[in-house]
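Have a look at the structure below, then the notes.
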Amino acid sequence: MRWSQSFIPTMKEVPSDAEVPSHQLMLRGGFIRQLMAGAYTYLPLGVRVLKKAEAIIRQEMDAAGALEIFMPALQPIDLFERTGRKEAFGNVLINFNIRRGDRTVHLALGPTHEEVVTDLMSRHISSHRQMPLTVYQIQTKFRNEERPRFGILRTSEFLMKDAYSFHSSLESLNDVYQKMYRAYCRIFSRCGLDYLPVEAESGPIGGDASHEFMIPAANGEDRIVFCKKTNYAANLERAETGRKPPVIATSADAKPVAKLHTPNVGSIETVCKLLKCKPEKMVKTLIFLADEKPVAVLLRGDHEANEGKIRRALGVKSLEMASPETILAVTSAPVGFAGPVGIKCPIFADHDVPLVVNAITGANEGDYHLANVNVGRDYPLETTYDLRNAAAGDPSPRGEGTLELVHGIEVGHVFKLGTKYSTSMEALYDDETENRQPIIMGCYGIGVNRILAGLAETKHDENGLIWPLAVAPYEVIISVIGANETDTLSAAETFYGQLQAAGVDVLLDDRDLRPGVKFKDADLIGIPLRVNFGGKGLKEGVVELKWRTSAESQRVATADAVKTVLEQLTARRQADAATIPQ
RNA sequence: CGGGAUGUAGCUCAGCUUGGCUAGAGCGCCUGGUUUGGGACCAGGAAGUCGCAGGUUCAAAUCCUGUCAUCCCGACCA
């Protein structure tokens, strides 16, 4: 492609609406343009990267035995009513009525395709002999995001590769799950992403039934913990800690309890400000309704409650924050002044709570807090639990090492669904004993746009984007210096034609601009290998090769240029391939 | 949905507090010339219903009310 014939609108200045690097650089490099909040047009460069990522996904999915299909984005609403997900999705599900003759048809735009694919397979599969079967598609999904964010990262309309597998046994599901997991590792690795598979909330099946593939990035929306030493990695909701219940005893340093007047000061933050203390000196008391009964959950002031852990620790089905009325009944105080001392409900404390000596807590009385509260003396406690989100510095659950906390971009998710959809949609098969059984399912998603966002977010420098060779919009850019000289330009065109003939994705910057502008643009759009063609080099019979990732350029005799470029591209591809897991 | 910010030329922004000539600058764009190895220079030019609607006023980009849009923080996110 010749730059002069293409549509690559680069920008020198940073658009004011873009905050995060990936958004700024993709805008500045002419990869995307915004239509409205959460909807972007992909310009030629953006489309090329998307297509390359898609091609990698297709290759790996095909190799893993999945079959490509293509399902409608338009779906009848009753499918979602049957699985209860119309309710579950709520406002996120884009749905509307249309007129068809004298009828009204209620449609949804697919936020995902479990219902459609289960419906499809329920009609097709009748015997265990027809399984396992895995299908996938790459298709646009629609979700009415309450808050689209960070450019391309969180949009209302996005490209997703979604795969679904169908099984007559858990062993078969586990087998395909492993194949998909491996395919995902290969896909993200081939795309040049530094990814981290993390344990995620596993839903109905439990165990290791769900993994998310995360790109550690400062602007990621998810939080993940990992341990370098033991390779433990999990998302924050799921992450265990290696903490143990401490010895519960009143400290020898316990001071007498003091009652402090804290008018209208009910949050940890404001109490700390008023009393000039740190949140870790406080114990916060959260009142929940666990299976309809009020309980108090104690956490150190700077920690975050984890409702999943609390639910499991208490062995209850439902858990919700208590209403102000319940809090008043249990604590005799309005919201913000709850404490363990004298509270009228069972207490469950996190492991770190008994370790806070002379803690500050609510006084169970409006506008008052207590100082120097100590376990044993002031409130009873038999044991402690892991009730909070993991934090940086916690011990790894695998016995050694400590956890680190980083932000991440979720680019993929593999999930053992079980029979959730097959049961509600009556997708049944006959097993070996002629009994009807619900089909066991797995689902596996990849956010294709997020591969671009993740790369742009993590692979750039002050000059612009740095695409890995495998997904770069073009592998090579020829920056013609002195493109207004006919001889130079025609020599460059010959070189360009030779690279094209050799199967290289090459962009010819034939614009009649000053060299500086062209170099800046080439760096901005992040083409891996640049060839400076013309100028002083050409007079001496050489061209310059410069990799985007290296500071120096190499001078190569013009006659050897094609051969050298091909050799270096091959070498780079091989080096990249060496890092891909089997 | 709660909190905060912004809307003036394709892009970045000034002007608004204290209303008053024909609404400005830089970049980009067009014409001509000089330049040509990391976002050149000179001269000339085109380009804006000041987000939209209503109000106050002799007079509104500027003040008031409403509304829409975008961004950020939070809540939400199979």
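First the proteins, then the strands, lettered A, B, ... as listed; each starts at 1. Any value given below was found using the heavy atoms of this structure, including those in side chains, with hydrogens, waters and symmetry copies removed.
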Considering only atom [atom1], compute the distance from [N] to [M] and round it to an integer number of Å.
N     : M     : atom1 : value
B/C16 : B/C21 : P     : 12 Å
B/U31 : B/C73 : C1'   : 49 Å
B/U17 : B/C1  : P     : 33 Å
B/A47 : B/G74 : C1'   : 41 Å
B/C13 : B/G28 : C1'   : 14 Å
B/G20 : B/U62 : C1'   : 11 Å
B/A23 : B/G48 : C1'   : 9 Å
B/A60 : B/A75 : C1'   : 39 Å

Requested in this report: Evaluate the criterion salt bridge (charged side-chain N to carboxylate O under 4.0 Å, His left out) for residue pair A/D162 and A/K141; output intermediate values, then yes/no.
Outcome: CA-CA 10 Å; A/D162 48 329; A/K141 308 289 191 226; 2.8 Å; yes
Atom pair distance, as rounded to whole Å: [atom1] in [X] and [atom2] in [N]:
X      : N     : atom1 : atom2 : answer
A/Q24  : B/C71 : CD    : P     : 14 Å
A/D512 : B/U34 : CG    : P     : 14 Å
A/H407 : B/C73 : NE2   : C1'   : 13 Å
A/F158 : B/A78 : CZ    : C1'   : 10 Å
A/L545 : B/G37 : CG    : P     : 20 Å
A/L35  : B/A69 : CG    : P     : 13 Å
A/E410 : B/A78 : CD    : C1'   : 11 Å
A/R223 : B/G74 : CZ    : C1'   : 12 Å

Requested in this report: Report yes if some heavy atom in the side chain of A/Q568 is under 4.5 Å from a heavy atom in the side chain of A/L545; otherwise report no.
Outcome: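 Side chain of A/Q568 against side chain of A/L545, heavy atoms only: contact under 4.5 Å found.
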Report task. Answer with yes or no whether A/E13 presents, from its side chain, a donor or acceptor under 3.5 Å of a partner atom in the base of B/G26. Result ->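 Counting by modelled atom types and ignoring angles, a donor-acceptor contact under 3.5 Å is found here.
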Watson-Crick or G-U wobble partner of [N], both distances under 3.5 Å:
N     : result
B/A69 : B/U6
B/U12 : B/A25
B/C50 : none
B/C63 : B/G55
B/G32 : B/C42
B/U18 : none
B/G74 : B/C1

Can you tabulate the close N/O pairs, meaning under 3.5 Å, that link protein atoms to atoms of nucleotides 1-6 of chain B?
none

Query raised in the report: Out of A/Y444, A/Y177, A/Y181, A/Y184, which one pairs with A/H211 under the side chain to side chain donor-acceptor pair (under 3.5 Å) rule?
Result: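 Result for side chain to side chain donor-acceptor pair (under 3.5 Å) with A/H211: A/Y177.
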Query raised in the report: How do A/H23 and A/V14 order along RNA chain B: which one's closest nucleotide is nearer the 5' end?
Result: A/V14
Query raised in the report: If you pin A/E145 and A/P15 to their nearest nucleotides in RNA chain B, which one's is more 5'?
Result: A/P15
Requested in this report: Output, in order, the C-alpha distance, side-chain angles, deciding distance and verdict of salt bridge (charged side-chain N to carboxylate O under 4.0 Å, His left out) for A/E199 and A/R238.
Outcome: CA-CA 7 Å; A/E199 293 178 15; A/R238 160 75 191 226; 3.2 Å; yes
Nearest heavy-atom pair of [X] and [Y]: which atoms, and what distance?
X      : Y      : result
A/I527 : A/P473 : CD1-CG, 3.9 Å
A/I8   : A/G29  : CG2-O, 3.9 Å
A/E457 : A/A217 : CG-CB, 4.1 Å
A/F96  : A/H106 : O-CD2, 3.3 Å

Just to be sure I understand the rule, does [X] reach a base, reach only the sugar-phosphate, or reach nothing, if contact means heavy atoms closer than 4.0 Å?
X      : result
A/A88  : nothing
A/G534 : base
A/G482 : nothing
A/F80  : nothing

**Report entry** Ring centers of A/Y474, A/W3 separated by less than 6.0 Å
**Finding:** no
Report task. Mark up nucleotides 38-43 of chain B, 5' to 3', with B wherever a protein heavy atom is under 4.0 angstrom from a base atom, S wherever such an atom reaches only the sugar-phosphate, and - elsewhere. Result -> BBB---
Side chain of [X]: nearest nucleotide among [options]?
X      : options             : answer
A/F150 : B/C73, B/C71, B/A78 : B/C73
A/R149 : B/U12, B/C72, B/A78 : B/C72
A/I481 : B/G37, B/C71, B/A78 : B/G37
A/K536 : B/U36, B/G37, B/A78 : B/G37
A/S16  : B/A78, B/C13, B/C71 : B/C13
A/N484 : B/U70, B/A78, B/U36 : B/U36

Query raised in the report: Does A/R2 pair with A/D509 as a salt bridge, N-O distance under 4.0 Å?
Result: no
Query raised in the report: Is the shortest distance from a Lys or Arg side-chain nitrogen in A/E304 or A/R223 to a carboxylate oxygen in the other one below 4.0 Å?
Result: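 Yes.
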Query - Candidate pair A/F70 and A/H113, rule ring pair (Phe, Tyr, Trp, His ring centres under 6.0 Å), full reasoning - result: CA-CA 10 Å; A/F70 192 74; A/H113 281 73; 8.5 Å; no
Report task. Check step by step if side chain to side chain contact (heavy atoms under 4.5 Å, CB included) holds for A/T112 and A/R143. Result -> CA-CA 9 Å; A/T112 174; A/R143 291 180 197 183; 4.1 Å; yes
Query raised in the report: When you look at CD of A/E426, are more than 12 heavy atoms from neighbouring residues, nucleotides or ligands closer to it than 6.0 Å?
Result: no
Requested in this report: May I ask you to list the residues of residues 69-79 of chain A, by number, that have any heavy atom positioned under 4.0 Å from an atom of RNA chain B?
Outcome: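 Going residue by residue through residues 69-79 of chain A, none turns out to have a heavy atom under 4.0 Å of RNA chain B.
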Report task. Please test A/E157 against A/T140 for side-chain hydrogen bond (donor to acceptor under 3.5 Å, both in side chains), starting from the C-alpha separation and ending with a verdict. Result -> CA-CA 7 Å; A/E157 181 183 332; A/T140 304; 5.0 Å; no
